[in-house]
There are 2 protein chains.
Amino acid sequence: MKKHKSHSRVLMPFKENGHSHKKCLDSALITAEKTCLARGVRLTRLRRRVLELVWGSHEPVKAYDILDKLRDEHSGSAPPTVYRALDFLRAEGMVHKIESLTAYVGCGEPEHRHIGQFLICRACGAVAEMDDAEVRELLAEKADTLGFHIDREMIEIKGLCAACLTENI
Amino acid sequence: MKKHKSHSRVLMPFKENGHSHKKCLDSALITAEKTCLARGVRLTRLRRRVLELVWGSHEPVKAYDILDKLRDEHSGSAPPTVYRALDFLRAEGMVHKIESLTAYVGCGEPEHRHIGQFLICRACGAVAEMDDAEVRELLAEKADTLGFHIDREMIEIKGLCAACLTENI
DNA sequence: ACCTTAAATGTTATATTATAACATAACATT
DNA sequence: AATGTTATGTTATAATATAACATTTAAGGT
């Protein structure tokens, strides 16, 4: 079995000028639907709606902000409504939790399960996701020298994105 | 100015057989006292006590567990008592917050400020801290290709430590 | 179509984590 | 001792998350 060279991939880039978020959102929803269908799991209306709300922007969204919107639409919504949907979406890799912000962000590539590396702009709040094999390999190597076996990594990097760097001179 | 080769350093290793935690704790407290003195900041009795409680083990400690112990000793303790002490200790680099566990752990090397990479054993709960320049450099490089400027990284890795790997065969 | 079962959602209550806001006490300097 | 600053006390509440049980909805077999 040939192992292809591992690339640095950007799953969800920072939005550029002219970013059509409507298209971005639509495509995320379509991918989610296809992926759920293929996996035989159910993207119910509620789950779809929560995913839509998470994808409302490229900024991480708080669970209770989602809840507020759900309540506007359906008075029976309560914290478990949101957390169950988020649990499902996270389990299916469609949403990631940004631990350092206790907030949730859509995943740009849910088809194959992974946990990426997040770049969080402290100025505009946007989050980009990388899935870099070199980083993963280096960490595995380092952990290995301590005899540690990695199951799961969480990498959240804060700083300034290119656009905000330019603006703030 | 000569730039020395960057090494992978383990600030706080996983405890080995025969680990004397008393010595470990004492040395952490002495280092903290020295460091605070040198910096002209005050390691008050309360702050020292909170640091001691955080250093009670190599497992991350929850804020409200610290609070419970403080209340045993002094009825006037309340959430702000703990969080203020933790804020101070974190600002001085003596304690790190493990975001993915919302828990706090002592830093093995508070003299110079840094944020390390944490290895968290899912079996025994212990946390080790690395401060690996290669990892930092690689991430900086990757971020740079996206035009992103890093301020601060959070790296939390979950898995099995050497001891638990052996035990669980 | 009907029944059964499993999965999803509704509902109420509560646990856990963290901060706001203002009062008082301790400490350091003059 | 008077003063300003830093630390702590105190009360209240905000923000995040889960437990436990009831009801509804969907899926698969007959």
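- Remark: side-chain polar atoms of R42(B) are not paired, donor with acceptor, to backbone N or O of C36(B) under 3.5 angstrom.
- If you take CG of D87(A) and P of dA8(C), they are 12 Å apart, rounded to a whole angstrom.
- Note: CD1 (I66(B)) to P (dT17(C)) measures 11 Å, nearest angstrom.
- A straight line from OH of Y83(A) to P of dA15(C) spans 17 Å, rounded to a whole angstrom.
- Atom-to-atom, CG of L70(A) to P of dT9(C) comes out at 11 Å; the value is rounded to the nearest Å.
- The aromatic rings of H19(B) and H21(B) sit tilted, their planes meeting at an angle between 30° and 60°.
- Among R39(A), R48(A), R47(A), the single residue meeting the salt bridge (Lys or Arg N to Asp or Glu O under 4.0 Å) criterion with E92(A) is R39(A).
- Within a 6.0 Å radius of CZ in R71(A), more than 12 heavy atoms belonging to other residues, nucleotides or ligands are found.
- Spacing between atom CZ of R90(A) and atom P of dT16(D) amounts to 14 Å, rounded to whole angstrom units.
- Looking at D65(A) and K69(A), no side-chain N of the basic residue comes within less than 4.0 Å of a carboxylate O on the acidic one, giving no salt bridge.
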- Once each nucleotide of nucleotides 4-15 of chain D is scored for protein heavy atoms under 4.0 Å, what B/S/- sequence comes out, 5' to 3'? ---SBBBB----
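- Note on the helix from dA1(C)-dT30(D) to dT30(C)-dA1(D): terminal axis deviation equals 30°, with five pairs used at each end and the result rounded to 10°.
- Residue Y104(B) places at least one side-chain N or O closer than 4.0 Å to OP1 or OP2 of dA18(C).
- Between the C1' atom of dA18(C) and the CD atom of E99(A) lies a distance of 16 Å, rounded to the nearest Å.
- Distance check: H149(B) NE2 to L165(A) CG gives 7.0 Å after rounding to the nearest 0.5 Å.
- Atom-to-atom, CG of L67(A) to P of dT16(D) comes out at 11 Å; the value is rounded to the nearest Å.
- Side-chain nitrogen and oxygen atoms of K97(A) include none within less than 4.0 Å of the OP1 or OP2 phosphate oxygen of dT16(D).
- Look at CG on L86(A): it is 12 Å from P on dT9(C), rounded to the nearest Å.
- Scanning all heavy atoms of the two residues, the minimum distance from A126(A) to F14(A) falls at O-CE2, 3.5 Å.
- Under a 3.5 Å cut-off, the side chain of E129(A) and the backbone N or O of C107(A) do not form any donor-acceptor pair.
- Summarising the geometry of V54(B) relative to Y104(B), their closest heavy-atom pair is CG1-O, 3.9 Å, with the distance given to 0.1 Å.
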